[in-house]
Amino acid sequence: MSTDLVVRLNDWFLAHSRPLPWREPGTTPWGIFLSEVMSQQTPVARVAPLWQEWMDRWPTPADLAAAPAGDAVRHWGRLGYPRRALRLHAAAVAMVERHDGDVPSTSDELLALPGVGEYTAAAVAAFAFGERIPVIDTNIRRVEARAVTGVQFPRPSLSAAERALAAQLLPHEDHVLWNASSMEFGAVVCTAKAPACGECPVLDLCAWQQAGAPAYDGPARRGQAWAGTDRMVRGKLLAVLRERDGAVPHDDLRQVWDDEVQRERCLDSLVADGLVDLVGDDSFALPGHA
DNA sequence: CATACGTGGGA
DNA sequence: TTCCCAAGTAT
């Protein structure tokens with residue numbers, strides 16, 4: 001039953017996992033940490049090139065901590081959710097100040113770092129340090145919802161039942177491998193939109209298949225609005241600041257969006273978030289780049 | 001618990 | 001073209 005699920009997906013992983021750069025032998029905990037934060041809500045295929053660039057530029061937490069926070073935001077490029085870059089910098093500073101320049105090795109210590117939540121703390125503890133802890137991401141939730149619970153998708157919010165199930169499934173041997181395989185399997189085969197059930201190694205014991213593959217019947221998952229939102233305007237403003245050195249006159253930023261009220265609100269919120277500094281009386285720059 | 005928060009690729 | 005959504009976190 002669940003033992004078969006674990007064994008088969010572990011075997012599948014050993015034969016079919018993608019060659020991601022941070023899976024190379026010798027990747028440091030810092031490299032693992034970086035890959036996990038960069039991968040939050042971002043497809044790993046887009047992360048790989050930037051991860052390599054960051055590892056070359058800032059090979060240790062101390063290297064990033066020594067740079068201005070604005071450098072992290074600038075080199076975040078178009079990965080999205082740039083507050084992650086700011087928090088990564090703050091996490092590097094915390095590692096230098098509180099952990100002797102190292103990535104802390106337990107999930108509890110990791111959880112205390114900026115930008116690190118339940119998922120990332122577990123993932124780094126498991127993949128960098130071998131801690132036996134259930135890693136619960138969107139892929140694993142979907143795989144377990146289908147294979148074990150028998151539904152097409154998990155509910156929008158993570159439930160206590162899901163945590164209990166993940167804990168129950170976590171084997172005592174090869175637990176790191178299981179965390180990696182169930183996540184990878186969800187990303188590659190048991191996908192959200194078009195699961196490749198035809199090549200599924202656990203089709204015969206999948207509870208969702210056995211139930212006749214019923215359609216999802218829970219509360220609707222909210223779409224993400226985009227056109228005309230503050231998120232979009234913030235993105236446009238920050239893109240200008242990223243591509244230019246030093247301070248940018250307010251006038252140059254006025255050109256990216258016509259609605260003055262919204263534009264100024266977004267500029268203010270970027271400053272409030274620490275993503276942008278007000279320089280002089282009417283210019284803006286990435287933090288530390290006046 | 002719901003909502004805000006970037007970006008780009010695939011169907 | 002429009003919609004979906006991808007290794008989530010903070011509030």
Side-chain angles (χ1 to χ4, degrees), chain A residues 13 17-18 20-23 31-51 73 76-88 90-91 110-128 133-144 152-160 166 176 179-188 190-196 216 218-242 256 262 265-266 269-270 272-276:
Chain A
F13 180 87
S17 67
R18 296 167 294 179
L20 301 174
W22 47 88
R23 286 181 179 156
I32 301 295
F33 185 86
L34 209 46
S35 77
E36 293 301 342
V37 173
M38 287 181 165
S39 300
Q40 293 167 358
Q41 295 288 282
T42 303
V44 297
R46 250 196 311 145
V47 167
L50 207 64
W51 179 84
V73 176
W76 194 249
R78 307 187 65 77
L79 216 46
Y81 291 147
R83 288 188 294 193
R84 288 184 291 166
L86 217 46
R87 291 172 180 150
L88 213 29
L110 286 158
L111 196 52
L113 296 169
V116 176
E118 179 179 352
Y119 162 75
T120 303
V124 174
F127 299 138
I133 183 173
V135 173
I136 306 181
D137 80 321
T138 187
N139 293 304
I140 291 179
R141 291 185 66 206
R142 189 174 52 251
V143 169
E144 295 181 1
Q152 186 179 25
F153 295 111
R155 296 305 179 94
S157 53
L158 179 61
S159 68
V176 175
N179 280 322
S181 13
S182 49
M183 190 170 357
E184 181 80 349
F185 184 70
V188 174
C190 196
T191 60
K193 290 185 81 169
Y216 177 74
R221 290 116 67 195
R222 300 179 56 80
Q224 309 168 4
W226 176 247
T229 61
D230 284 6
R231 267 197 303 181
M232 188 194 70
V233 176
R234 284 166 54 106
K236 285 176 175 296
L237 291 167
L238 205 54
V240 172
L241 292 165
R242 268 199 315 261
V256 310
Q262 185 179 25
R265 178 177 69 233
C266 289
S269 73
L270 287 169
D273 286 349
L275 283 164
V276 172

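Lettering of chains follows the sequences in order, A, B, ..., and the numbering in each one begins at 1.
Contact annotation for Val116(A): backbone-only contact, meaning every heavy-atom pair under 4.0 Å involves sugar-phosphate atoms and none involves a base. The residue Pro82(A) sits close only to the backbone: its heavy atoms come under 4.0 Å of sugar-phosphate atoms, none of a base. Counting any heavy atom pair closer than 4.0 Å across all strands shown, Arg265(A) reaches no nucleic acid atom. Ile140(A) comes within 4.0 angstrom of no nucleic acid atom, judged by non-hydrogen atoms across all strands. No contact: Thr229(A) has no heavy atom under 4.0 Å from any strand. Across all strands, Ala45(A) comes closer than 4.0 Å to no nucleic acid atom at all (heavy-atom distances). Among the protein residues, Arg141(A) comes within range of no part of the nucleic acid, since none of its heavy atoms lies under 4.0 Å from any strand. Using a 4.0 Å heavy-atom criterion, one finds that Leu270(A) contacts no nucleic acid atom at all. Pro114(A) comes within 4.0 angstrom of sugar-phosphate atoms only, judged by non-hydrogen atoms across all strands, and of no base.
Considering every non-hydrogen atom in both Gln40(A) and Thr120(A), the closest pair reads NE2-OG1, 2.8 Å. For the pair Ser35(A) and Ser39(A), the tightest heavy-atom approach, listed with the atom from each and the gap, is O-OG, 2.6 Å. When all heavy atoms of Leu275(A) and Leu238(A) are compared, the pair lying nearest together is O-CD1, 4.2 Å.
The nearest whole Å value for the distance from the CG atom in Asp137(A) to the P atom in dA7(C) is 7 Å. What separates OH of Tyr81(A) from C1' of dC5(C) is a distance of 10 Å, to the nearest Å. Regarding Leu110(A), its CG atom lies at a distance of 17 Å from the P atom of dG8(C), rounded to whole Å. In this structure, the CD atom of Gln152(A) is 14 Å from the P atom of dC4(C), given to the nearest Å. Going from atom CZ of Arg231(A) over to atom C1' of dG8(C) covers 13 Å, rounded to whole Å. Protein atom CG of Leu86(A) is 12 Å distant from nucleotide atom P of dA10(C), rounded to whole Å. The separation between Met38(A) atom CE and dC5(B) atom P is 22 Å, rounded to whole Å.
Candidate nucleotides dA11(B), dA4(B), dA7(C) were compared by shortest atom distance to the side chain of Trp22(A), and dA7(C) ranks first. Closest contact between the side chain of Lys193(A) and the listed nucleotides dA6(C), dG8(C), dC5(C) involves dC5(C).
Atom name C1', nucleotides dT1(C) and dG8(B): the rounded distance is 15 Å, in whole Å. Here the separation of dA7(C) from dT3(B), taken at their P atoms, is 23 Å to the nearest Å. Taking atom C1' on both dG6(B) and dA6(C), the two are 12 Å apart, rounded to the nearest angstrom. Look at the C1' atom in both dG8(C) and dC1(B): the space between them is 16 Å, to the nearest Å.
One finds no side-chain N or O of Ser39(A) lying less than 4.0 angstrom from the OP1 or OP2 phosphate oxygen of dG8(C). Contact annotation: Arg84(A) does not reach the phosphate of dA6(C) (side-chain N/O to OP1 or OP2, under 4.0 Å). For Arg83(A), no side-chain nitrogen or oxygen approaches OP1 or OP2 of dT9(C) to under 4.0 Å. Between Arg78(A) and the phosphate of dG6(B), there is no side-chain N or O to OP1/OP2 separation shorter than 4.0 Å.
Mapping Arg87(A) and Asn139(A) onto DNA chain C by nearest heavy atom places Asn139(A) at the nucleotide closer to the 5' end. Nearer the 5' end of DNA chain C, as judged by each residue's closest nucleotide, is the contact made by Arg46(A), out of Arg46(A) and Gly117(A). Two residues, Ser157(A) and Gln40(A), neighbour DNA chain B, and the one matched to the more 5' nucleotide by heavy-atom proximity is Ser157(A).
Not one N or O on the side chain of Asp137(A) forms a donor-acceptor pair closer than 3.5 Å with the backbone of Tyr119(A).
At a cut-off of 3.5 angstrom, the base of dG8(C) holds no donor-acceptor pair with the side chain of Thr138(A).
Each of Leu110(A), Leu34(A), Leu111(A) was checked for a side-chain contact (heavy atoms from CB on, under 4.5 Å) with Val124(A), and the lone residue meeting it is Leu110(A).
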Next item on the list: Go through Tyr81(A) and Met38(A) one step at a time and tell me if the side-chain contact (heavy atoms from CB on, under 4.5 Å) criterion holds.
Entry: CA-CA 10 Å; Tyr81(A) 291 147; Met38(A) 287 181 165; over 6 Å; no
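Residues passing the side chain to side chain donor-acceptor pair (under 3.5 Å) test with Arg234(A) are Ser269(A), Asp273(A), sequence neighbours excluded.
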